[in-house]
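Before any comments, here is the structure.
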Amino acid sequence: MQRDVQFNGQKDWRIARYAIGGIVGFAVLAQLLVYLSLVALVDRPYAAAMVGAALISLLMGVPLIVLAATQFRRAQRLRNQINHVVAHDATTGCVTGRGLVQQVNGLERRRQHTGEELHGALIHLRINNLDDVGAAFGPAWSEELLQFVASTISTSVRRDDIVARTGPASFDVVLVGATEADAEHVSNRLTKALSSAHFSADGSKVDLELSVGGALFDGSVDLERLRRAAASEAVMVAAQGVQRVDFVRLPSA
């Protein structure tokens, strides 16, 4: 702790020295410019003062503006990186539950601004044997299973669909603008891909035990209602075959 305080004190003193040196250097340079302008325009002191002031302003203003713009861009880039980290799951790369809420809120703001009603669907998927895989093979294989399922989901849905990891063993897929036929098509493709997928943990084949459900929405997006409705409609996706996933339709908001 004492070493950290000493290090911070040295760093603060270094910054203070740079600041004092910069102030002194700028003051000397300003005096030199004023003197040179007076020498060059000895018979026109008013013009000399104007030229000196302009040169001093340029020398001080341009570097400050450039520095401020650079720092602003750096802060903006850092803020975007932080927002990306917060909004994306580190294990799977999918959107987090918080990121999903932000995206849905953005859709809601656009709906309120344009007056255009939203429609689509939400598919809820849960890995029922994730804890069993972790207990049998270790937590690293639980993460491998999550990444495997997330990758399968991402390659089975449409490009603009939102894939989010919303729980330790659950994913939600929001299909914005999807009709009921579109939602059923995506759901069938997803369940077939997951049922035919082969996952091995430490050389041992693991059968995926998954529950999949869906809900349709019209008007605004009530994310919590959609999740509850989709979870209540979830059916088991057996490794031997695909069961049809029925979509419940929420009342228009």
Side-chain angles (χ1 to χ4, degrees), residues 85-104 120-176 178 182-217 223-248:
V85 170
V86 171
H88 289 78
D89 178 55
T91 301
T92 63
C94 297
V95 176
T96 60
R98 179 177 178 180
L100 179 60
V101 170
Q102 291 176 351
Q103 295 200 29
V104 169
L122 181 141
I123 299 175
H124 175 80
L125 182 145
R126 175 178 172 79
I127 308 174
N128 297 321
N129 60 334
L130 180 66
D131 291 338
D132 296 336
V133 171
F137 302 101
W141 286 105
S142 295
E143 294 188 357
E144 288 284 343
L145 178 56
L146 283 168
Q147 293 169 2
F148 178 80
V149 172
S151 176
T152 304
I153 294 173
S154 298
T155 55
S156 301
V157 299
R158 305 174 308 174
R159 178 179 299 178
D160 296 332
D161 296 335
I162 307 171
V163 181
R165 182 186 175 191
T166 53
S170 61
F171 296 86
D172 286 331
V173 184
V174 178
L175 315 175
V176 180
D182 294 333
E184 290 179 353
H185 177 71
V186 172
S187 175
N188 291 336
R189 185 169 61 206
L190 175 60
T191 52
K192 286 180 182 178
L194 290 170
S195 296
S196 60
H198 299 284
F199 178 76
S200 297
D202 201 18
S204 301
K205 183 178 181 299
V206 175
D207 293 327
L208 301 181
E209 297 178 9
L210 305 170
S211 297
V212 182
L216 300 167
F217 63 88
L223 198 55
E224 287 304 318
R225 286 182 64 200
L226 279 172
R227 286 175 177 171
R228 290 195 297 266
S232 66
E233 291 294 315
V235 296
M236 291 291 296
V237 179
Q240 293 78 16
V242 179
Q243 296 186 16
R244 176 184 175 86
V245 177
D246 293 324
F247 284 81
V248 61

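The figures that follow rest on heavy atoms only: side chains count, while hydrogens, waters and symmetry mates do not. Predicted model, so just to flag it, every value in this text is computed and none were measured.
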What closest approach, in Å, do [X] and [Y] show between heavy atoms, and which atom pair accounts for it?
X: Lys205; Y: His198; value: CE-ND1, 3.8 Å
X: Phe137; Y: Ala201; value: CE2-O, 3.4 Å
X: Glu209; Y: Asn129; value: N-OD1, 3.3 Å
X: Ser156; Y: Val186; value: O-CG1, 4.4 Å
X: Leu130; Y: Ala169; value: CD2-CB, 3.6 Å

Distance check, rounded to the nearest 0.5 Å: [X] atom [atom1] versus [Y] atom [atom2]?
X: Thr91; Y: Glu143; atom1: OG1; atom2: CD; result: 4.5 Å
X: Asp160; Y: Leu175; atom1: CG; atom2: CG; result: 11.0 Å
X: Asp172; Y: Leu223; atom1: CG; atom2: CG; result: 7.0 Å
X: Cys94; Y: Arg165; atom1: SG; atom2: CZ; result: 9.0 Å
X: Thr166; Y: His124; atom1: OG1; atom2: NE2; result: 6.5 Å
X: Leu208; Y: Ser195; atom1: CG; atom2: OG; result: 8.5 Å

Do the non-hydrogen side-chain atoms of [X] and [Y] ever get within less than 4.5 Å of each other?
X: His88; Y: Arg98; answer: no
X: Val248; Y: Leu216; answer: no
X: Leu122; Y: Val173; answer: no
X: Glu233; Y: Phe247; answer: no
X: Leu125; Y: Val149; answer: yes
X: Leu145; Y: Ile127; answer: yes
X: Val95; Y: Val163; answer: no

Counting only N and O atoms by type, is there a donor-acceptor contact under 3.5 Å from the side chain of [X] to the main-chain atoms of [Y]?
X: Ser142; Y: Gly134; answer: yes
X: Ser196; Y: Lys192; answer: yes
X: Arg225; Y: Arg227; answer: no
X: Ser154; Y: Ser151; answer: no
X: Thr152; Y: Phe148; answer: yes

* Give a yes or no on whether a salt bridge exists between Arg159 and Asp161, defined as a side-chain N under 4.0 angstrom from a carboxylate O. =>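 Between Asp161 and Arg159 there is no salt bridge, as every charged N stays at least 4.0 Å from the carboxylate O atoms.
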
* Quick one: do the Asp89 and Thr96 side chains pair a donor with an acceptor below 3.5 Å? -> no

* Phe199 vs Trp141 aromatic rings, parallel, tilted or perpendicular, using cut-offs 30° and 60°? -> perpendicular

